[in-house]
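This report concerns only the one structure given below.
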Amino acid sequence: MQEQYRTLAREGVHEIEINKSRFLCALAPVATEAEAQDFIARIRKEHPAARHHCFAYVLGADGSIQKASDDGEPGGTAGVPMLQMLVRREVRYAVAVVTRYFGGVKLGAGGLIRAYGGVVGEALDTLGTVTRQRFRLVTVTVDHQRAGRLENDLRTTGRTVREVTYGAEVSIELGLPESDLDTFRAWLADTTAGTARLELGGEAYGEL
């Protein structure tokens with residue numbers, strides 16, 4: 001698995017105008033192809049009068065799923081440069097839809113490639129990206145007496161507490177970089193005088 005990947009900080013729209021043609025780039029973070037297709041459909045519905053709704057999306061921390069569409073523009077002049085911009089910027093789990101309102105002036109193949117790729121690049125700069133790091137999920141179980149202080153210590157040492165569950169004992173789920181596991185075991189034993197139990201779970205991604 002990839003140790004980390006970059007994705008969009010938020011959903012948003014960025015617009016440019018070239019020779020009277022308007023190019024509106026809508027970007028959104030998505031987890032699945034279904035979410036990407038739903039976003040594309042939503043943008044089409046918002047701009048029914050536009051001539052083209054070209055799109056590209058990249059899914060998977062390793063970019064294993066990549067799709068692009070020219071939506072009626074000359075082949076290779078829209079979806080591909082949009083996709084190339086996402087890939088070049090190493091953006092994952094993201095969809096881009098560029099809606100074009102034709103202004104009456106033909107841009108030519110080179111002009112279209114620059115416009116579609118360029119508006120995605122500008123949109124990425126405007127909206128920003130975040131880096132997500134691969135973590136191992138671990139659950140620490142401790143008695144009520146020590147739980148409050150332990151949770152506070154975890155947070156003050158910069159560790160990512162994901163969930164706290166209160167029952168007969170207190171379970172604290174957190175995400176740790178794989179390389180931090182041995183150090184964390186030693187720290188936990190020292191902090192709780194060996195009374196806490198540690199269980200390893202699956203893997204997930206979280207923001208750095």
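In what follows, residues are counted from 1 in the order of the sequence shown. These numbers come from the heavy atoms of this one structure, side chains and all, not from hydrogens, waters or symmetry mates.
In terms of heavy-atom proximity, R162 sits nearest to G175 at CD-N, 3.9 Å. What you find for F184 and L198 is that their closest heavy atoms are CE2-CD1, 3.9 Å. Counting all heavy atoms, side chain and backbone alike, S69 lies closest to D71 at OG-N, 3.2 Å. Considering every non-hydrogen atom in both P74 and L112, the closest pair reads CD-CD1, 3.8 Å. The shortest heavy-atom contact between N19 and V105 is O-CB, 3.6 Å. The shortest heavy-atom contact between Q66 and G63 is NE2-O, 3.1 Å.
Side-chain contact between L107 and T77 is absent, with no heavy-atom pair separated by less than 4.5 Å. The shortest side-chain heavy-atom distance between V120 and L86 falls under the 4.5 Å cut-off. Between D182 and R185 there is a side-chain heavy-atom pair separated by less than 4.5 Å. Residues F39 and E11 have side chains in contact (heavy-atom distance under 4.5 Å, counting atoms from C-beta outward). Contact annotation: the side chain of E178 approaches that of E203 to within less than 4.5 Å [non-hydrogen atoms, C-beta and beyond]. Counting heavy atoms from C-beta on, the side chains of R159 and W187 come closer than 4.5 Å. With contacts defined as side-chain heavy-atom distances shorter than 4.5 Å, the pair H52/Y116 qualifies. Residues L8 and L124 have side chains in contact (heavy-atom distance under 4.5 Å, counting atoms from C-beta outward).
The local environment of CD in E199 is sparse, with at most 12 non-hydrogen atoms from other residues, nucleotides or ligands closer than 6.0 Å. Crowding of R136 atom CZ: a count of heavy atoms from other residues, nucleotides or ligands under 6.0 Å exceeding 12.
Ion pairing of D153 with R149 is present here, as a side-chain N (NZ or NE/NH1/NH2) and a carboxylate O approach within less than 4.0 Å.
Side-chain polar atoms of R100 and S21 form a donor-acceptor pair below 3.5 angstrom.
Not a single donor-acceptor pair under 3.5 Å links the side chain of T141 to the backbone N or O of R197. Put simply, the side chain of H53 gets close to the backbone of H47: a donor and an acceptor are under 3.5 Å apart. No side-chain donor-acceptor contact under 3.5 Å links H14 to the backbone of C25. Between the side chain of D70 and the main chain of E73, no donor-acceptor pair closer than 3.5 Å is present. At distances below 3.5 Å, at least one donor-acceptor pair connects side-chain atoms of R6 with backbone N or O atoms of R89.
Partners of S64 under the side-chain hydrogen bond (donor to acceptor under 3.5 Å, both in side chains) rule, at least two apart in sequence or in another chain, are D62. For K106, there are no side-chain hydrogen bond (donor to acceptor under 3.5 Å, both in side chains) partners, not counting sequence neighbours.
Hydrophobic clustering places M82 together with I16 (ILVMFWY residues linked when any side-chain heavy atoms are closer than 4.5 Å, directly or through intermediates). L200 is connected to V161 through a chain of hydrophobic side-chain contacts under 4.5 Å among Ile, Leu, Val, Met, Phe, Trp and Tyr, so both are in one cluster. In the hydrophobic clustering of ILVMFWY residues, with side-chain heavy atoms under 4.5 Å counting as a link, Y205 and V138 come out apart. By the criterion of side-chain heavy atoms lying less than 4.5 angstrom apart, applied directly or through intervening Ile, Leu, Val, Met, Phe, Trp or Tyr residues, L27 is grouped together with M85 in one hydrophobic cluster.
Atom CD of E173 sits about 8.0 Å away from atom OG1 of T165, to the nearest 0.5 Å. The distance from the CZ atom of R155 to the CD atom of E151 is 4.5 Å, given to the nearest 0.5 Å. The CD atom of E90 sits 9.5 Å away from the CD atom of Q4 when rounded to the nearest 0.5 Å. Put simply, CD on E17 and CG on L24 are 10.0 Å apart, with the number rounded to the nearest 0.5 Å.
Applying side chain to side chain donor-acceptor pair (under 3.5 Å) to Y5 and the options Q133, R132, R134 leaves one that passes, R132.
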> Step by step, would you call I43 with F55 a side-chain contact (heavy atoms from CB on, under 4.5 Å)?
Replying inline: CA-CA 10 Å; I43 299 301; F55 69 80; over 6 Å; no
>> Before you tell me yes or no, could you show the steps for V142 and L188 under side-chain contact (heavy atoms from CB on, under 4.5 Å), namely the whole-Å CA-CA distance, both residues' side-chain angles and the distance that decides it to 0.1 Å?
In response: CA-CA 10 Å; V142 70; L188 183 66; over 6 Å; no
> Where do L174 and T160 land on the side-chain contact (heavy atoms from CB on, under 4.5 Å) test, with the steps shown first?
Replying inline: CA-CA 5 Å; L174 56 151; T160 308; 5.5 Å; no
>> side-chain contact (heavy atoms from CB on, under 4.5 Å), that's the test. Do L150 and V170 meet it? Break it down for me.
In response: CA-CA 10 Å; L150 177 60; V170 181; over 6 Å; no
